[in-house]
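One structure follows; several queries about it will come next.
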Amino acid sequence: MYQTPVTTTSLSMSVLPSLSVDDSSSALLASQRFVSEACLEFLIMETVDTMFRTTLDAETDREAVFYKLEMLGYRVGQSLVERLTKDRPRFVDTLDVVKFVCKDLWTIAFKKQIDNLKTNHRGVFVLQDNNFRWFMRMSTETGAQDSAKKAAPYLWFPCGLIRGALANLGVVSVVIAETHIPNQNRKGISHQDSVSIVEL
Amino acid sequence: MGSSFYLVIVGSRDDPVYEADLGPSSKAPPVPEGTKKEESKHLNQFIIHSALDIVEEVQWNTTATYLKVVDKFNEFLISAFVSAGNTKFMLLHDTKSEDSIKTFFHEVHELYLKVLMNPFYEVNHPITNTHFDSKVRLIAKRLL
């Protein structure tokens, strides 16, 4: 049975570019729409938990859970990116697409930009986020090393999200995520997460 | 024949997503066309599909989303709009009114985004939503 990490609630909002509203909607809906960040975090946590609970043989078949979460993220990423690029000009090449993912997509989904982007110019990009927002409040009693391992399934959905976003912008890729702990002495979580994108 | 328009939405894998015959916007009484109209329907689809190649060529030259008139066939003009996810919106028309067509494309694109938000809609599948259809016709009536 998978353990849900303990989190503290926060009250902050994230903004998505709003689509135009029909004439039939009320004036209230016509104003900017916000999503409560606490709700989003809880929903994402619960999604992972539900997948583990509803998959047969979840302990032995982590692949199935991975597949489900990733495909979920893929579909979300596809639509999200179509909506986010609504009014901006189209992209020139892969590097442009990856830069868009680093800046705009990361800002919308995680409220900050990527801290470090590396590439080997042969199709592999490494995106590094020093403070992954969805993990900020996760912790376990056994310390940083163990919580990094336990947090891995929570990364599968963001991986799918990025893969779907890239795919819809024309870049077929494989997205792998890793967590590193920079400082082993601290008790809290200060993750250094990096996402590697391998272009197929 | 009054000004007629024919809209086609093609997905990123070149699969047809939606097509609509947005008929004449003028209030002239319909001429009993019979077989002539059916022929022109087939022809419209054919013209738009042949213009797809040209759209794919032109889209690499510019980063703008609205590609103006990409092709001309006899008296018909074809305008195109490409979204970032490579979904092509193409309109066959015989009058030249760039601004209204640009606005039309933007509004249809927003409608398309709303369809995308539906989790039950798979990307690049045909849109069978009647609500979408009636909205598109409304926009066409208003702008074209």
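Residue numbering restarts at 1 for every chain, and letters A, B, ... go by the order of the sequence lines.
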- [ ] Report the C-alpha separation of A/Lys86 and B/Thr65 in whole Å, then their side-chain angles, then the decisive distance to 0.1 Å, and conclude whether the side chain to side chain contact (heavy atoms under 4.5 Å, CB included) test is met.
- [x] CA-CA 9 Å; A/Lys86 190 169 88 101; B/Thr65 48; over 6 Å; no
Open item on the list: Just verifying a value: how many Å separate B/Leu113 CG and A/Leu84 CG, rounded to the nearest 0.5 Å?
Closed with: 9.5 Å
Open item on the list: Assigning hydrophobic clusters by single linkage (Ile, Leu, Val, Met, Phe, Trp, Tyr; side-chain heavy-atom cutoff under 4.5 Å), is A/Tyr74 placed with A/Val101?
Closed with: no
TODO: To the nearest 0.5 Å, tell me how far B/Lys114 NZ sits from A/Ser79 OG.
DONE: 15.5 Å
Task: Shared hydrophobic cluster for A/Val65 and A/Val175 (ILVMFWY, side-chain gaps under 4.5 Å) - done: yes
TODO: Sort B/Glu107 into side chain, backbone, both or neither according to what part of it lies under 4.5 angstrom from a heavy atom of chain A.
DONE: neither
TODO: To the nearest 0.5 angstrom, please state how far the CZ atom of A/Arg75 sits from the CG atom of B/Leu116.
DONE: 6.5 Å
Task: Nearest atoms (heavy-atom pairs only) where A/Arg90 meets B/Val82 - done: CD-O, 3.6 Å
Task: A/Arg83 side-chain N/O to B/Glu110 backbone N/O, donor-acceptor pair under 3.5 Å - done: no
TODO: Can you tell which part of B/Tyr66 gets under 4.5 Å to a heavy atom of chain A, answering side chain, backbone, both or neither?
DONE: neither
Task: Single-linkage hydrophobic cluster, 4.5 Å side-chain cutoff, B/Leu138 and B/Leu143 together - done: no
Open item on the list: Tell me if the CG atom of A/Asp93 is crowded by more than 12 foreign heavy atoms within 6.0 Å.
Closed with: yes
Open item on the list: With rounding to the nearest 0.5 angstrom, report the OG to CG distance, B/Ser83 to A/Asn168.
Closed with: 7.5 Å
TODO: State yes or no: do A/Phe110 and A/Val98 share one hydrophobic cluster built from I, L, V, M, F, W and Y residues joined by side-chain heavy-atom distances below 4.5 Å, directly or via other members?
DONE: yes
- [ ] Following the transitive rule for hydrophobic clusters with a side-chain heavy-atom cut-off under 4.5 Å over Ile, Leu, Val, Met, Phe, Trp and Tyr, establish whether B/Val115 and B/Val108 coincide in one cluster.
- [x] yes
Open item on the list: If you count heavy atoms of other groups shown closer than 6.0 angstrom to NZ of A/Lys103, is the number above 12?
Closed with: no
Task: Worked check of side chain to side chain contact (heavy atoms under 4.5 Å, CB included) between B/His109 and A/Glu82 - done: CA-CA 10 Å; B/His109 182 51; A/Glu82 183 88 40; 3.6 Å; yes
Open item on the list: If we define contacts as heavy-atom pairs under 4.5 Å, which of B/Thr62, B/Val123, B/Thr87 has the most with chain A?
Closed with: B/Val123
Task: Region of B/Asn61 that comes under 4.5 Å of a non-hydrogen atom in chain A - done: neither
